[in-house]
Amino acid sequence: MAVKKSVGSLKEADVKGKRVFVRVDLNVPLDDNFNITDDTRIRAALPTINYLMQNGARVILASHLGRPKGVTPKYSLKPLVPRLSELLGLEVKMANDSVGPEVEKLVAELPEGGVLLLENVRFYKEEEKNEPEFAKKLASLADLYVNDAFGTAHRAHASTEGVAKVLKPAVAGFLMQKELDYLVGAVSNPQKPFAAIVGGSKVSSKIGVIESLLEKVDVLLLGGGMIFTFYKAQGYAVGSSLVEEDKLDLATSLMEKAKTKGVSLLLPTDVVIADKFAADANSKIVPTSEIPDGWMGLDIGPDAIKSFGSALDTTKTIIWNGPMGVFEFDKFAAGTEAIAHKLAELSGKGVTTIIGGGDSVAAVEKVGLAEKMSHISTGGGASLELLEGKQLPGVLALDDA
Ligand SMILES: Nc1ncnc2c1ncn2[C@@H]1O[C@H](COP(=O)(O)OP(=O)(O)OP(=O)(O)O)[C@@H](O)[C@H]1O
Ligand SMILES: O=C(O)[C@H](O)COP(=O)(O)O
């Protein structure tokens, strides 16, 4: 079955005066003083909330934060209220619970265009267990369901999946739709040539993505820690670089598969090596075939940056998942940053550039290029699962278009 992307649209729902239950992903990072350190996910939820407010809906927002076990004050959503209110230009009301009489009263008092934020749905163990009774309690609060929590759509939880089965219509919000348009639409029906750049630490966590992309792309560029498993599989010495010994055969078979499919698979020809895994390590640049004992590859080298750049120059669609090196250390961030700059440049020339979540998004944001990309996913695990060709339970449960 093709990955579902055609879902009921919010634009077609009648929302005036209606109580609308909106599942958002406000799982944002907070520091020790409960300050939000990255509000991307809050801003990404605004188009749907603003639309509902402007169209006279009574908006009930539900989200999780972190992975609490039971009621845990440190995972309360209360610290988000000031920022959310500021961004929406209205005073958002906060409930102390996510179900029950107090919440029902606050919902009943909500004016048209008003917004109520429920407390962390994961304070109830029933949420992650997707218990139908809990889903029914959530559903009883509203007249229709909107899922805009793309980042949590790979979880079959009560507020992401269970409630969509009992509260109808159940439609996608604008963020959810945009994520599906890019991560399913643009990837399954790309403008060609289509290139994928896959990095990150281990090949084991990216097998599904690489296998699925090999069916679709013309060019596959590999970077990050996983390349050393590919090099070792070809008989090269890789020093103390990250290697998954039990994945050597798999690396060989992925290279063979690329050949059979006519995919041009490029591995970096040179690497930046370090004498220890640390920000202040000594470093040098060597051809990938000449890594000395005791040294480890922590970034792709300048020749690789050049050849990756030329391979990308002729493409029309690019998807990127996973950093090219240990970009958290400045000394080993050049490869990842160069790819981010290349994609920004190509975006300006009309190439569709999609950043598939997780650390690559953090890297693009670090260099201030997020605005330049066609699409930056707000989902880590969710985007990875979509790129692997998996169905997301939170999407499957929504009405068909
Ligand atoms: N050569 C390398 N050696 C060791 N670690 C590396 C290397 N290159 C990149 N990494 C590390 O890989 C990590 C990211 O890997 P991961 O597989 O989690 O990528 P991701 O898919 O972008 O992230 P997420 O899993 O959060 O979606 C980074 O922390 C980075 O430091
Ligand atoms: O940050 C995420 O990836 C989502 O909010 C999902 O969170 P979870 O991994 O705790 O389910």
Side-chain angles (χ1 to χ4, degrees), residues 23-29 38 40-41 44-45 63-69 75 120-122 127-128 130 148-157 159-161 197-210 222-231 238-244 267-268 271-274 276-279 281 283 288 291 295-301 304 319-336 339-340 355-366 376-388 392-394:
R23 177 50 157 106
V24 278
D25 187 336
L26 302 182
N27 187 23
V28 292
D38 177 4
T40 305
R41 281 180 164 175
S63 177
H64 72 287
L65 179 73
R67 293 174 176 174
K69 297 277 165 267
Y75 292 115
N120 194 337
V121 277
R122 288 194 185 168
E127 161 68 1
E128 289 178 72
N130 197 2
D148 214 20
F150 174 73
T152 329
H154 58 317
R155 308 287 184 215
H157 293 170
S159 69
T160 60
E161 204 259 1
I197 311 163
V198 181
S201 54
K202 294 177 175 175
V203 63
S204 53
S205 61
K206 297 291 162 78
I207 300 168
V209 174
I210 295 175
L222 295 182
M226 72 172 73
I227 58 170
F228 303 102
T229 301
F230 285 86
Y231 275 110
V238 294
S240 46
S241 305
L242 188 66
V243 168
E244 289 174 279
L267 286 161
V271 278
V272 185
I273 55 171
K276 59 179 174 181
F277 189 88
S283 67
T288 322
I291 302 175
W295 289 71
M296 63 185 82
L298 293 188
D299 196 10
I300 61 172
I319 173 106
W320 178 20
N321 178 277
M324 296 291 97
V326 183
F327 73 103
E328 297 92 336
F329 300 156
D330 286 346
K331 244 184 176 170
F332 307 103
T336 303
I339 292 294
I355 319 295
D359 279 309
S360 8
V361 172
V364 168
E365 269 161 8
K366 193 175 154 207
I376 291 252
S377 180
T378 54
S383 64
L384 208 61
E385 291 199 16
L386 270 191
L387 293 179
E388 287 173 4
L392 303 185

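Read the numbers this way: they start at 1 and go in the same order the structure lists the ligands and their atoms. These numbers come from a predicted model, not from an experiment.
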note = Counting heavy atoms under 4.0 Å, the part of H157 that contacts ligand 2 is neither

inquiry  = If I take atom CH2 from residue W295 and atom OG from residue S283, how far apart are they, to the nearest 0.5 angstrom?
reply    = 7.5 Å

Interatomic distance, S201 atom OG to D359 atom CG [nearest 0.5 angstrom] = 8.0 Å

key: Atoms in ligand 1 flagged as close to S360, the criterion being non-hydrogen separation under 4.0 Å   = 22 (O)

Whether S383 side chain and G356 backbone form a donor-acceptor pair below 3.5 Å = yes

query = Which ligand 1 atoms, with their elements, are less than 4.0 angstrom from a heavy-atom of G322?
reply = 22 (O)

remark   = for atom 28 (C) of ligand 1, nearest protein heavy atom and its distance come out as E328 OE2, 3.3 Å

message = Please check: side-chain N/O of R122 versus main-chain N/O of G66, any donor-acceptor pairing under 3.5 Å?
response = yes

ask   = Okay, side chain of E244, backbone of S204: is any donor-acceptor separation there less than 3.5 Å?
value = yes

inquiry  = Test of understanding: given a 4.0 Å heavy-atom threshold, classify the contact between R41 and ligand 2 as side chain, backbone, both, or neither.
reply    = side chain

key: Min N/O separation D359 to ligand 1 under 3.5 Å   = yes

message = Nearest 0.5 angstrom please: S360 OG to N321 CG, how far?
response = 5.0 Å

remark   = shortest atom 7 (O) of ligand 2-to-protein heavy-atom contact is with H64 NE2, 3.3 Å

ask   = Can you tell me the protein heavy atom closest to atom 11 (C) of ligand 1 and the distance?
value = S201 CB, 4.0 Å

inquiry  = If we ignore hydrogens and angles and just use 3.5 Å, is the side chain of K331 paired with the main-chain N or O of A281 as donor and acceptor?
reply    = yes

query = atom 11 (O) of ligand 2: which protein heavy atom is closest, and how many Å away?
reply = R155 NE, 2.6 Å

task = Decide if atom NZ of K366 counts as having more than 12 heavy atoms of other residues, nucleotides or ligands within a radius under 6.0 Å.
result = yes

ask   = How far is atom 27 (O) of ligand 1 from its nearest protein heavy atom, and which residue and atom name does that atom have?
value = G358 CA, 3.3 Å

request  = Can you pull out the closest protein heavy atom to atom 7 (C) of ligand 1? Residue, atom name and distance to 0.1 Å, please.
outcome  = G225 N, 3.3 Å

message = Quick test of your reading of the structure: of V209, L298, V326, D299, whose heavy atom lies closest to atom 5 (N) of ligand 1?
response = V326

inquiry  = I'd like to know if the side chain of K202 reaches the main chain of M226, judged simply by a donor and an acceptor atom lying under 3.5 Å from each other, with no hydrogens or angles considered.
reply    = no

message = L267 vs T288, test: side chain to side chain contact (heavy atoms under 4.5 Å, CB included). Steps then yes/no.
response = CA-CA 9 Å; L267 286 161; T288 322; over 6 Å; no

message = Keeping N120 on the side-chain end and L65 on the backbone end, is there a donor-acceptor pair under 3.5 Å?
response = yes

query = Please state which protein non-hydrogen atom is closest to atom 20 (P) of ligand 1 and give its distance, to 0.1 Å?
reply = K206 NZ, 3.6 Å

ask   = Taking T160 for the side chain and A153 for the main chain, is one N or O donor matched with an acceptor at less than 3.5 Å?
value = no

note = Under 4.0 Å from one or more heavy atoms of D25, ligand 2 contributes atoms 4 (C), 5 (O)

query = Are any of the N or O atoms of H154 closer than 3.5 Å to those of ligand 2?
reply = no

Partner set under side chain to side chain contact (heavy atoms under 4.5 Å, CB included) for A340, not counting sequence neighbours = W320, V364, V367, L369

query = Are any of the heavy atoms in E128 under 4.0 Å away from ligand 2?
reply = no

G151 to ligand 2, any heavy atom closer than 4.0 Å = yes

ask   = Does R23 reach the main-chain N or O of A149 with its side chain, forming a donor-acceptor pair under 3.5 Å?
value = no

inquiry  = Within the 4.0 Å heavy-atom shell around N27, which atoms of ligand 2 are there?
reply    = 1 (O), 2 (C), 4 (C), 5 (O), 7 (O)

note = A student checking ligand 2 against R67 at a 4.0 Å heavy-atom cut-off should list atoms 8 (P), 9 (O), 10 (O)

ask   = Tell me, which protein residue and heavy-atom name are nearest atom 1 (N) of ligand 1, and how many Å apart are they?
value = G297 O, 3.0 Å

message = I'd like to know whether ligand 1 has M296 as a neighbour, heavy-atom separation below 4.0 Å.
response = no

inquiry  = Below 4.0 angstrom, counting only protein heavy atoms, does anything approach atom 25 (O) of ligand 1?
reply    = no

query = Should the proximity of N321 to ligand 1, defined as any heavy atom under 4.0 Å, be assigned to the side chain, the backbone, both, or neither?
reply = side chain

